[in-house]
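Below you'll find the structure, written out as C-alpha cells, and then a few comments.
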Protein chains: 2
Amino acid sequence: MLFCIGRCIHQLATLKEVAKLAKVDSSVVSRVVNNDPALNIKPETRKRILDAVEELKYRPNMSARNLKKGQSKMLGMIIPDFSNPVYSLIIHGAEDQAAQEGFNLLVYSLKQKGLEKSYSPLLDGQIEGLLIANSEIDNKEILELKKTKKPFMLVNRTVAGVDNYVVANDLLGAKLATKHLIKQGHHRIAHISGPLFTATGLSRFQGYREGLQEDNIDYIPVYVQESKYTVENGYESMEILLDLPDPPTAVFASNIMICLGAMKAIQDRGLTIPKDMSIIGVHDVFFTSTLQPPLTTVKMPLYEMGREAVKKLIAIIQGKEGETGQGVTIDGASLIVRSSTSPPPSK
Amino acid sequence: MLFCIGRCIHQLATLKEVAKLAKVDSSVVSRVVNNDPALNIKPETRKRILDAVEELKYRPNMSARNLKKGQSKMLGMIIPDFSNPVYSLIIHGAEDQAAQEGFNLLVYSLKQKGLEKSYSPLLDGQIEGLLIANSEIDNKEILELKKTKKPFMLVNRTVAGVDNYVVANDLLGAKLATKHLIKQGHHRIAHISGPLFTATGLSRFQGYREGLQEDNIDYIPVYVQESKYTVENGYESMEILLDLPDPPTAVFASNIMICLGAMKAIQDRGLTIPKDMSIIGVHDVFFTSTLQPPLTTVKMPLYEMGREAVKKLIAIIQGKEGETGQGVTIDGASLIVRSSTSPPPSK
DNA sequence: CTGTTAGCGCTTTCAT
DNA sequence: ATGAAAGCGCTAACAG
C-alpha cells in the first residue's frame, strides 16, 4: 500500500546527487540554487552546477527546506462559503499575491459558525499566517487568537482592538450609491443593511446616512431594514419595506446577496424595476450585468483587498512590521450605472 | 528580517520535549501519537505520554514528518476561474474530502491558457497529485503529464486515452432537459451546446439528440449553436437562434453561463420567458432561483464530483489502484422545474 | 514493552 | 572559493 510513495514524491534528484555530478559539495549547490549573495563562486563552477541542476531536473524538497528553516510557506484563509462570489474575488487576489511571494494559500470554508477549533489546528504549526474573511467568527475568538501572537489578518471585517485588517472604503461606496439615487430624484430611499455588528454593515449604513444628510433628505428609521448577507434575508427585508404604508421608491442593498433577494421580492409582487422601484447594490460580480434589468452596483476593490491582505500578512510573518500591522482601507469604490435605477414615478 | 520565523512556527513542543516530560523515549511518543497498532504499551505509560502531549500542547511538525515519509500531503487543483460558480461547488467537495483524508488542497486558477508550465512546478515535488478541472488545457499537455506517471485526475472532463477521470452523467442530464421541453409540448427545441471538443459539451449534445430521437422530434441542425462556456458567447448564440426565419420555441443551454447570456439575449429583444421562449440550463447554482423568471435547471452532482475525484486521486497516490484508476461517472442528475419553461405559445 | 540509532534533504556556520 | 559537519523534528528498523 505504501510502496509507491517513495517513487511518487522522490525519484527527484537531491542536492547531493547534483553535487556529485557537478563535482562539488552539496552546500555549494545549495548556495547557488538559493542565489546566496555572499557567494563568490567561479563562473565556471557555477555553470557546471547549473548544468547539473538542469540535467537532473533538480527541484528543492520543500519539506526539507521548511524543516530546516522552521517555516511552512503556507497561508490559511477562512471564508464562509465557496459559492459566494464576493469571496471568489478576494480569494483570487489573495492567491495571486501569495503565489508571487512564494507562499501557498489554503482556503477553508467554514460552514458551521462558532468553530473556534478551526484555526487552532491550523495555526499550531501548519500554516504561518491566517486570513480571516468571515464575519461569522466571533470577536471573542479573534481576540483570543490575537493573544497567541500568531500572524493573522482580518479581511473585509474588523474587530475592536485589532488593527491587522484590510477593508474597502465601504462608507464611500454606500454614499456613492445613496447619492446616485438622490440625484435621480428619489426622496424615499430605503436601505437594507447588513448585520449592524459587522464593520461592512455599519460603514455602509453610515454612508447611507451621510449621503442622505448631505443632501438634506430626511432619515426615516423604518426605511432601514437590518438583514443578514443572504438572498433569503434580503427577500424578507424587501417584503417588509413593500408592506409599509408609505413604501420607498428606491432601495440601496448593502450587498449583492441581499440585492438578489430584494430584486426577487420586488418582481414577485408584480412590480417593475426601475419603473416602480429603483434598486442599487454593493458588489459588482460576474452576473450583475446579466440580471433583468441589469443591475446598477457599487464596485468594491475585492481583488485588491485580497492582494493587500496577503501582502501585509507576509510582512507581519517576516517581522517587517513589528508584528503589528496597521489597518488599511483600500480605496477605489466606484459606481457602475446600469438599468435598475431611474427617476421615481412622477406623482 | 527573519528573526521572527523561528518564534512564529516553532516554540511548539517537539517530540523530544514531550518524551522528557513523560520520561520515555521520543520514539515511544511518536508511536503513541501515531496510534501505532503494533504497539503494546502499558496503559499507564500511555496516559503519562498523553498527559505530556496535552500539557505541552504538542503538535507534530508536518515538514519533519513529510520529509521523513517522503510525502507532502498536498493536492493541487487547477480551475479556470474562481468566480465560476460551477467550480465553486466542485472545489467545495474536493476540499471536504481532502480534509477528511488529511490532505491539503491547493487551488490554482489558470487564467492564461496554454500554461503547460503550470503543473510541472507543482508536480515536481510540491504536491502529490493534481486535479484538473479545466477544459482549456490541451489534451496534448495532459498526455504529456500522463507519461510522467505522476498521480492526477481529470474532473468534469476527459481526454482520449486517459482513464483517470470523474465526470457526471451529462448525457442523462441533457436528456432530462430535452424531454422536459418535449413534454411541455415543444417541437422546435434549440440547443446552445458547449464546445464540441469537450466531453461535457459533447455528452450534453448527445443527450439532446437522443432526447429528440426517442420522442421522434426532428433534429434541425441549425437549431444547434456551439458556444464557449461564457455569458458573452451564450448571448451571441441566442441572438443567432432568434434571427432564424423559423426560430425555436424553447432552448436548452449546455451550461449556466451560456444560459445566463441566452436569457439576457431573449429579454433584450423584448421577449418574455417562458411565454415567448422557454429556456432550461445545466447547473443549478445559488442564484438560479432568484433569476427572473426563476430558472428551470438540471442539477448536476458537482459537489460529489469534487469529493469523488479527490478520493480516487488519493487512492492512486497510495497505490491502491495500481496507479491507474478507472473512469467514474457520477449519477444523480436531476431536473429542477421552475418558471422558465412552459408550453409553447399556441398557434 | 521501551530505548537506540540512523537518516530523510536541506541550510549554515565554521574551517580550510 | 569550496568543503565538512551538525542538526532541523520526525519515523521505523532493530535491539534489548
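Each chain gets a letter, A, B and so on, in the order the sequences are listed, and its residues count up from 1.
- Taking atom CD of residue B/Gln71 and atom P of nucleotide C/dG9, one finds them 14 Å apart after rounding to whole Å.
- Side-chain N/O atoms of A/Asn61 include none lying less than 4.0 angstrom from OP1 or OP2 on C/dC10.
- If you check every strand for non-hydrogen atoms under 4.0 Å, A/Ile41 touches sugar and phosphate atoms only.
- Remark: P of D/dA1 and CG of A/Asp36 are 13 Å apart, rounded to the nearest angstrom.
- One N or O on the side chain of B/Lys312 and one on the backbone of B/Gln326 form a donor-acceptor pair closer than 3.5 Å.
- Side-chain contact, A/Gln100 with A/Arg307: a donor N or O sits under 3.5 Å from an acceptor N or O.
- For C/dG3, the base has a donor-acceptor partner in the side chain of B/Arg31 [N/O atoms by modelled type, under 3.5 angstrom].
- When the side-chain contact (heavy atoms from CB on, under 4.5 Å) test is applied to A/Ile41, the partners found at least two apart in sequence or on another chain are A/Val28, A/Val32, A/Leu39, A/Thr45, A/Arg46, A/Ile49.
- With hydrogens and angles disregarded, a donor-acceptor distance shorter than 3.5 Å links the side chain of A/Glu17 to the backbone of A/Thr14.
- Under a 3.5 Å cut-off, the side chain of A/Glu128 and the backbone N or O of A/Ser72 do form a donor-acceptor pair.
- Atom OH in B/Tyr58 sits roughly 10 Å away from atom P in D/dG9 (whole-Å rounding).
- Under the rule for a side chain to side chain donor-acceptor pair (under 3.5 Å), the partners of B/Asn34 that lie at least two apart in sequence or sit in another chain are B/Ser30, B/Arg65.
- For the pair B/Leu15 CG and C/dT5 C1', the computed distance is 15 Å after rounding to whole Å.
- Scanning all heavy atoms of the two residues, the minimum distance from A/Ala98 to A/Leu105 falls at CB-CB, 4.4 Å.
- Heavy-atom distances under 4.0 Å link DNA chain C to B/Lys42, B/Thr45 of residues 42-49 of chain B, given in residue order.
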Checklist entry - Stepwise, does the side chain to side chain contact (heavy atoms under 4.5 Å, CB included) test hold for B/Asn104 with B/Lys73? => result CA-CA 6 Å; B/Asn104 285 129; B/Lys73 286 291 179 186; 5.5 Å; no

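- Using a 4.0 Å heavy-atom distance criterion, A/Thr14 is classed as a sugar-phosphate-only contact.
- Between D/dC10, C/dC10, D/dT2, one nucleotide has an atom nearer to the side chain of B/Lys68 than all others, and that is D/dC10.
- Distance, B/Glu17 CD to D/dC10 P: 9 Å, rounded to whole Å.
- Listed nucleotides C/dC1, D/dA12, C/dT12 differ in distance to B/Lys69; the shortest reach to its side chain belongs to D/dA12.
- Note on residues 62-83 of chain A: pairs passing ring-ring contact (aromatic ring centres under 6.0 Å, His included), not counting sequence neighbours, are A/Phe82-B/His92.
- Rounding to whole angstrom units, NZ of residue B/Lys16 and P of D/dT11 are separated by 14 Å.
- Here the C1' atom of nucleotide C/dG3 and the CG atom of B/Leu39 are 13 Å apart, to the nearest Å.
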Checklist entry - Run the side chain to side chain contact (heavy atoms under 4.5 Å, CB included) check on A/Tyr303 and A/Ile90 step by step: do they pass? => result CA-CA 5 Å; A/Tyr303 176 88; A/Ile90 298 177; over 6 Å; no

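- One interatomic measurement links the two molecules: CG of A/Asn34 to C1' of C/dG9, which rounds to 13 Å at whole-angstrom precision.
- A/Lys20 NZ: 12 or fewer foreign heavy atoms inside a 6.0 Å radius.
- Comparing the local axis fitted to the first five base pairs of the helix from C/dC1-D/dG16 to C/dT16-D/dA1 with the one fitted to its last five gives a bend of 40°, rounded to 10°.
- In this structure, A/Arg157 contributes its side chain and A/Asn134 its backbone to a donor-acceptor pair below 3.5 Å.
- Only A/Ser27, listed by number, bring a heavy atom of residues 18-29 of chain A to less than 4.0 angstrom from any atom of DNA chain C.
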